[in-house]
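Comments concern the structure below.
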Amino acid sequence: MESGTISLSTLSGGFDAHVTLESGQSYLWRREDGRMYEGDDEGSPWYYTVLDLDEKDHDVTPVPDDEAEPTVVRVRVTDEAVEWEASCDAHDLVTHLLRLDDDLDRIIADAPDRDLVHEAYDAHRGLRLVRDPPFGCLVSFICSAQMRVERIHEMVSSLARAYGDEVEFDGRTYHAFPRPEQLAATTEQDLRDLGLGYRAPYVQRTAEMVASGEAHPADFFDMEYEAARDAMTTFVGVGDKVADCILLFSLGYLEAIPLDTWMQTVVSDYYPECDRGNYAETSRALRETFGGEYAGYVQTYVFHLLRTRED
DNA sequence: TATCCAAGGTAAGTT
DNA sequence: AACTTACCTTGGATA
């Protein structure tokens, strides 16, 4: 096992693993103590992820080892540093996956001058976007349709347990998120039995599209934003909203703002002038209001503020 | 205990 | 192109 630390003093804007990994933007990390979404972050819990990527995922996600074994990485945040332990040297990988290279202080300083935006940024300092591997992110958000955050996480965990490769690390068995061909080999009924409901055929058929080489989410990495969103909807079970999630949480399109039920509420309650009656136009208007380039950061903070505040 | 309802939407059919 | 409707499952609310 290798390990290392990244001093918090070197990170612009700090880092809060609890809010970053339990705010519903990634479903590919879990807590070693199993207490995900129980609201407690006492004792600097370890969060882990297991990567078993295909070739095109690698174009986006730099996993340093070429071993057959999946890569296990875990992270926790103490008062002074981000600590990591992994089956390989994971300094750059951790930095990449958790966007520790983002200049968060500057992003916040450049935020649009709106009360709601200030409130959101003040409420959850250290929340960062993530860079999930493309295929896992794609499947996660296909599963997210009309689901609570906790259950999306259960679905993704079930897929890993049922179809992902096993790997031993530090005396424990871990499961990687399945590779495309592993999910493509399932049947709709298999996935329904896992509790995916009507999303089952979406996941199976999309996995088939990726495994066969017909399309891969990493193909849409370096494109004009709206063209990339349109391209992403070629996958079964992916509409505009899920497409925006993949662009934002995996491919680094920081201007993407997924318009879900929460953000629809934000539009009607705070920015009714942005409601243009359809997804594309409303998205443009809200993106402008949220300052353009880093609108996705604003969206994630506002989304989390609305989800956590009591009223 | 039974019934209802909404949860980070999408696809397919209708007007 | 805009508008409706069906869709799995489940935990929590309501009767």
Inset, instruction - Quick one: look up who B:dG8 pairs with, Watson-Crick or G-U, both distances under 3.5 Å, and put none if it's unpaired. - result: none
Inset, instruction - Please measure how far the C1' atom in B:dC5 lies from the corresponding atom in C:dC8, and state the result in whole Å. - result: 15 Å
Inset, instruction - Please answer whether the main-chain N or O of A:L100 pairs with a side-chain N or O of A:T95 as donor and acceptor at a distance below 3.5 Å. - result: no
Legend entry - With A:R128, the side-chain contact (heavy atoms from CB on, under 4.5 Å) member among A:V19, A:L98, A:D101, A:L104: A:L104
Inset, instruction - Please measure how far the C1' atom in B:dA11 lies from the corresponding atom in C:dT10, and state the result in whole Å. - result: 23 Å
Legend entry - Donor-acceptor under 3.5 Å (A:R309 side chain, A:L306 main chain): no
Inset, instruction - Write down the distance separating the C1' atoms in B:dA6 and C:dA6, rounded off to the nearest Å. - result: 16 Å
Legend entry - Rounded distance (Å) that lies between atom P of C:dC8 and atom CD of A:Q204: 15 Å
Inset, instruction - Give the rounded distance in Å between these two atoms: CZ of A:F303 and P of B:dA7. - result: 11 Å
Legend entry - Under 3.5 Å donor-acceptor, A:Q182 side chain and A:Y163 backbone: yes
Legend entry - Sugar-phosphate, base or nothing in reach of A:E188, heavy atoms under 4.0 Å: nothing
Inset, instruction - Spell out yes or no: do the side chain of A:R199 and the base of C:dC8 have one donor N/O and one acceptor N/O closer than 3.5 Å? - result: yes
Legend entry - Stepwise side-chain hydrogen bond (donor to acceptor under 3.5 Å, both in side chains) check, A:S283 with A:R287: CA-CA 6 Å; A:S283 171; A:R287 188 158 59 256; 2.9 Å; yes
Inset, instruction - Map A:R148 and A:M155 onto DNA chain C by nearest heavy atom, then report which one ends up closer to the 5' terminus. - result: A:M155
Inset, instruction - Using a heavy-atom cut-off of under 4.0 Å over every strand shown, decide if A:G239 touches base, sugar-phosphate, or nothing. - result: sugar-phosphate
Inset, instruction - Check the distance between B:dG9's C1' and A:I246's CD1 and give it to me in whole angstrom. - result: 13 Å
Legend entry - Per-pair stack call A:Y198 and C:dA6, 5.5 Å, 30°: no
Legend entry - Toward the 5' end of DNA chain B, by each residue's nearest nucleotide, A:R205 or A:E150: A:E150
Inset, instruction - Provide the distance between the two C1' atoms, one in C:dG11 and one in B:dT10, to the nearest whole Å. - result: 23 Å
Inset, instruction - Considering just the side-chain nitrogens and oxygens of A:R192, establish if one lies under 4.0 Å of OP1 or OP2 belonging to C:dC8. - result: yes
Inset, instruction - Classify the nucleic acid contact of A:S23 as base, sugar-phosphate or nothing, counting any heavy atom under 4.0 Å across all strands shown. - result: base
Inset, instruction - Kindly say whether A:M223 contributes a backbone atom to a donor-acceptor pair with the side chain of A:Y253 at under 3.5 angstrom? - result: yes
Inset, instruction - Give the rounded distance in Å between these two atoms: CD of A:Q146 and P of C:dA6. - result: 13 Å
Inset, instruction - Take atom CD1 of A:I142 and atom C1' of B:dA11, then tell me their distance rounded to the nearest Å. - result: 13 Å
Legend entry - Distance-only donor-acceptor test (3.5 Å): side chain A:Y279, base B:dG9: no
Legend entry - Atom-pair distance (CZ on A:R151; P on C:dG11), nearest Å: 7 Å
Inset, instruction - Provide, to the nearest angstrom, the distance between the CG atom belonging to A:L196 and the P atom belonging to B:dG9. - result: 16 Å
Legend entry - For atom CZ of A:F141 and atom C1' of B:dA7, their distance in whole Å: 14 Å
